[in-house]
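Okay, so here's the structure we're looking at.
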There are 2 protein chains.
Amino acid sequence: MKIDRAVLKSLPLFDRMTDADLDAMVEHAVSRRVAQGDAVFEQGAPAKSFFLLLHGRLKVTQVTADGQQIIVRVVHPGDLFGFARALQRSDYPGTAIAAAESLTLSWPTDLWPQFVEQNPRLAVTAMQTIGQRLEEAHTRIREMSTEEVERRVAHAVLRLSKQAGKQEGDGIRIDFPISRQDIAEMTGTTLHTVSRILSAWEAKGLVEGGRQKLLVCDYRKLVILADGGRE
Amino acid sequence: MKIDRAVLKSLPLFDRMTDADLDAMVEHAVSRRVAQGDAVFEQGAPAKSFFLLLHGRLKVTQVTADGQQIIVRVVHPGDLFGFARALQRSDYPGTAIAAAESLTLSWPTDLWPQFVEQNPRLAVTAMQTIGQRLEEAHTRIREMSTEEVERRVAHAVLRLSKQAGKQEGDGIRIDFPISRQDIAEMTGTTLHTVSRILSAWEAKGLVEGGRQKLLVCDYRKLVILADGGRE
DNA sequence: CGGAGACTTGAGCGCTTTCAAATGTGGTGG
DNA sequence: CCACCACATTTGAAAGCGCTCAAGTCTCCG
């Protein structure tokens, strides 16, 4: 498969890598097209590869013993994902599903140590990435501990509009199909409550809904809502 | 300060380090005694050092904008903590408070890259540590999303008894002072609810309480409770 | 022995969930 | 091109978990 080197170079992960090192990495990479709804890997499966998302959008989910599902995070283009092995795991802790048609690049997990050795910067970047992810997780824990549902949903929507937002007219469009159920699974509530909240927001002109669609109309008011309404 | 090399060698973090490398690290270390209730570092302060807990127990907390506090994690002897800088942060994301009299070892953050370079294994271990912490965070998110309070408290208590449990008679003693408030801040509930739950458990003979004390009497029943009561 | 802080416990209420059913939307096959 | 089906969404009503408010008790420490 032919991958444009320039595309990779534009990613923070690779921007300081030499052409030679980059080529060495790309040489071992396998690219794959993933249709909407298909899984890249499944929870509990042996972690044979690690991945880079080139295009599209993935949801990483976990299922509890009694069948409830939560969305652990959303993977955006340019993100590394599924590098469980670097964290000393032999299997994937979650399932990665394409929320939209996606394109991934993957490498055998065994090659990770080798890449890191050749390119120490990769290790630093990976560390940074995980650090960020840890911080996000803590933020989410803090929100779930101290905020009521509406504020949590507001934070989730704001986060999405920052990470996957596309200017559209006078608003910001969440640039991939997302359902109320998805938002519920990201905030620890039910789709019913999310639906009610979004309906209320729509009545106030904060957002505009639609089947698996969301448009943020009044970003500022949403921020105020997320921060507790005061100030 | 004189640190016994053997003590460090017994920690997974250092067990494969050569004596020379170990000495080089210890040479730059500063040890410090922290009294119960005192802070090792505070949220938002510049991250000048990273730490290792030799003895005692710390609570890492975060305070929200509106003053609510949550416990992000508990630091146990042998744990690295406060290495925000390795994750590309310039300040500490939380406050570390001694839950019991503690002993820490610290190094200037600037030395981190140098240590890592001298000893690649340190980087791997650190990565592993953060990976574990990320997983813990996800577990907690999953619990907060899907479980009701009693199960969350059960999980928290089980975790504590695994990480800080000491056999005592026919039960497991949580080996440091911990209040209902603390447990509430770890599970996202109020001290009132925790108190009620523990009282109920005590009536059923699952635990024994006391002022900042907790003894798990029936570990198995608690596990069943945490897993949803069935099976 | 007094006081501060930890813990317990009751009562009432409100936010969310649960249960239930209707409505809307997009895709598909005839 | 249209009817139909699967699935997303909305909305109402009722129940309940856990929080808030409010005392009161207990325990350790000085």
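Chain naming here is simple, since letters A, B, ... match the order of the sequence lines and numbering starts at 1 in each.
Across A:Ile141 and B:Ala137, no two heavy atoms sit closer than the pair CD1-O, 3.8 Å.
A donor-acceptor distance shorter than 3.5 angstrom exists from the side chain of B:Thr129 to the backbone of B:Thr125, with no hydrogens or angles considered. At distances below 3.5 Å, not a single donor-acceptor pair connects side-chain atoms of A:Thr187 with backbone N or O atoms of A:Val153.
Whole-Å rounding puts the B:Glu150 CD to D:dG18 C1' distance at 12 Å. What separates CD1 of A:Ile178 from P of D:dA8 is a distance of 13 Å, to the nearest Å. Rounded to an integer number of Å, the gap from B:Met144 CE to C:dT17 P is 13 Å. Here the C1' atom of nucleotide D:dT9 and the CD atom of A:Glu208 are 16 Å apart, to the nearest Å. The CD atom of B:Gln36 sits 10 Å away from the P atom of D:dC29 (whole-angstrom rounding). To the nearest angstrom, C1' of D:dT20 lies 12 Å from CG of B:Leu191. The CD-P distance, from A:Gln181 to D:dT10, rounds to 13 Å in whole Å. For the pair A:Gln212 CD and C:dT25 P, the interatomic distance rounds to 14 Å; values are reported in whole Å.
Residue A:Gly209 is classed as having no contact, given no heavy-atom separation below 4.0 Å to the nucleic acid.
Residue-to-nucleotide contacts include no donor-acceptor pair under 3.5 Å from the side chain of B:His192 to the base of D:dT20. The base of D:dT20 sits with one of its N or O atoms less than 3.5 Å from a complementary donor or acceptor on the side chain of B:Arg196.
Contact between the side-chain N/O atoms of B:Arg211 and the OP1/OP2 oxygens of D:dC28 is not found at any separation under 4.0 Å. For the pair B:Thr193 and D:dC17, the criterion of a side-chain N or O lying under 4.0 Å from OP1 or OP2 is not met. The phosphate of D:dT9 (OP1 or OP2) has no side-chain N or O of A:Ser195 nearer than 4.0 angstrom. The shortest distance between the side-chain N/O atoms of B:Ser179 and the OP1/OP2 oxygens of C:dG5 is not below 4.0 Å. In this structure, B:Arg180 does not reach the C:dA6 phosphate: none of its side-chain N or O atoms is under 4.0 Å from OP1 or OP2. Put simply, B:Thr190 has no side-chain N or O that comes within less than 4.0 Å of OP1 or OP2 on D:dG18.
Side-chain contact check for A:Glu136 and A:Gln132: no donor-acceptor pair (N or O, by modelled atom type) lies under 3.5 Å.
Taking the nucleotide of DNA chain C with the nearest heavy atom to each of A:Arg152 and A:Lys213, the more 5' of the two is matched to A:Arg152.
With A:Phe50 as reference, A:Trp107 is the one residue of A:Trp107, A:Tyr92, A:Phe41, A:Phe81 to meet the ring-ring contact (aromatic ring centres under 6.0 Å, His included) rule.
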